[in-house]
> 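Attaching a single structure in structure tokens format; questions to follow.
Start at 1 and go down the list; that is how both ligands and their atoms are numbered.
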Amino acid sequence: MKRFDPLLFLVALFLGSSCTVYPNPNIGKALHIGDEVLKDYHPMTTLVTEKHLISKAKYPVVDVHTHFGLDQNPEAILGSMDALGVKRVVNLSGGWGEKLNKILQKFKNYAPERFIIMCNIDFSRIDETDFGEKVSAFLEEAHSKGAEGLKIFKSLGLSIKDKSGKIVPVDDPRLDSIWAKAGELGMPVLIHVADPTAFFHPIDRFNERWLQLKRHPSWSFDGNEFPSKDSILKQRNNVLAKHRNTLFIGPHIGSSAEDLKYLSELLDKYSNFYVDISGRVAELGRQPYLARKFFIKYQDRILFGTDRYPGKTVQPRYSIYYRFLETADEYFDYYKHPFPPTGEWKIYGIFLPNKVLRKVYYENSEKIFKYGTVFN
Ligand SMILES: [Zn+2]
């Protein structure tokens, strides 16, 4: 850990000067820009708690939210999957065209039972006539080659524009035939829209992810050039309502981990809507009472996902996620990193019953992807 560096401190003050003034910048929490510790303050808890570290899940796991590219070695990933107890992974970064062909060849053909590949859409062609029909034809072809789902990145509704210069809304009618085709083919659509609520708020002293946004200013969607989070979620909900025969997965707890009551209403309303837990154990683990109730009530609709891949050494997540789901451990780190990557807090386990654990770990996704396997 670095010692206090006056130059970096001045840089930090400059970066923060436009929106944040602290009465005494030397008082407060550790301040980081990137990996630089600007102020060496790292409080260590004195609380004595139970620690159940879990390297392999209690039941087989299907990770429905991973990303890896052609630079990865399938054999190495399979080795890490075995070590972590992961039976199947869904790679959401299949792409389209030649890349998709290569990914399918390299991973799907190598171990068809272990790798599920989702394809993506080339939205740069949004202005072409019959865009929706062309993408629908692409989906059919991708499906016949082995792609088992469609992943939509959060740029839809947030930054993708058409030639009019306007942001393409998630419920744009040009996309209707795509959602319908995915339903017809039985391909789940994992649709990431919006982001944590704090990313839509000003980067000021009230923002609970201030440090994170200072490290990654491009993750902020505050300002008039961006639609509000509410409006993006409403557009997504319109799609859920219009395409009841298509199964949608909302990653990151449907982008509503901060408001499980709102999410519960959506799950009650739209039976074609599922959520994955990737990247939101920090949010869920800081509200363990409500999170536990939520998991038990919606045990058939929640899927395990990490937004990592087995073997990834940068900020690995599996053992932390297992600990959160399986144990009643209290006040522990939601990260393996020199500092809290999202918010400055700790989390609590929700000790799910075995029946619920099995559903979240693999039974729900086995149904969705039509494998239907009962693992031993
Ligand atoms: Zn992701």
> Would you sort out whether K151 and S93 count as a side chain to side chain donor-acceptor pair (under 3.5 Å), showing the intermediate values?
CA-CA 8 Å; K151 157 74 190 273; S93 295; over 6 Å; no
> Less than 2.8 Å away from the Zn ion (ligand 1), how many protein N/O/S atoms can be counted, ignoring water?
3
> Please find out if less than 6.0 Å separates the ring center of F68 from that of F107.
yes
> Between D230 and S228, is the side chain to side chain donor-acceptor pair (under 3.5 Å) condition met? List the steps.
CA-CA 5 Å; D230 275 358; S228 69; 5.6 Å; no
> Linking directly or through intermediates, with side-chain heavy atoms under 4.5 Å: list the remaining ILVMFWY members grouped with L47, chain and number order.
Y331, Y348
> Is it true that the NZ or CZ of R88 lies under 6.0 Å from the centre of Y362's six-membered ring and within 45 degrees of the ring axis?
no
> Would you find a donor on one side and an acceptor on the other, under 3.5 Å apart, between the side chain of K359 and the backbone of N354?
no
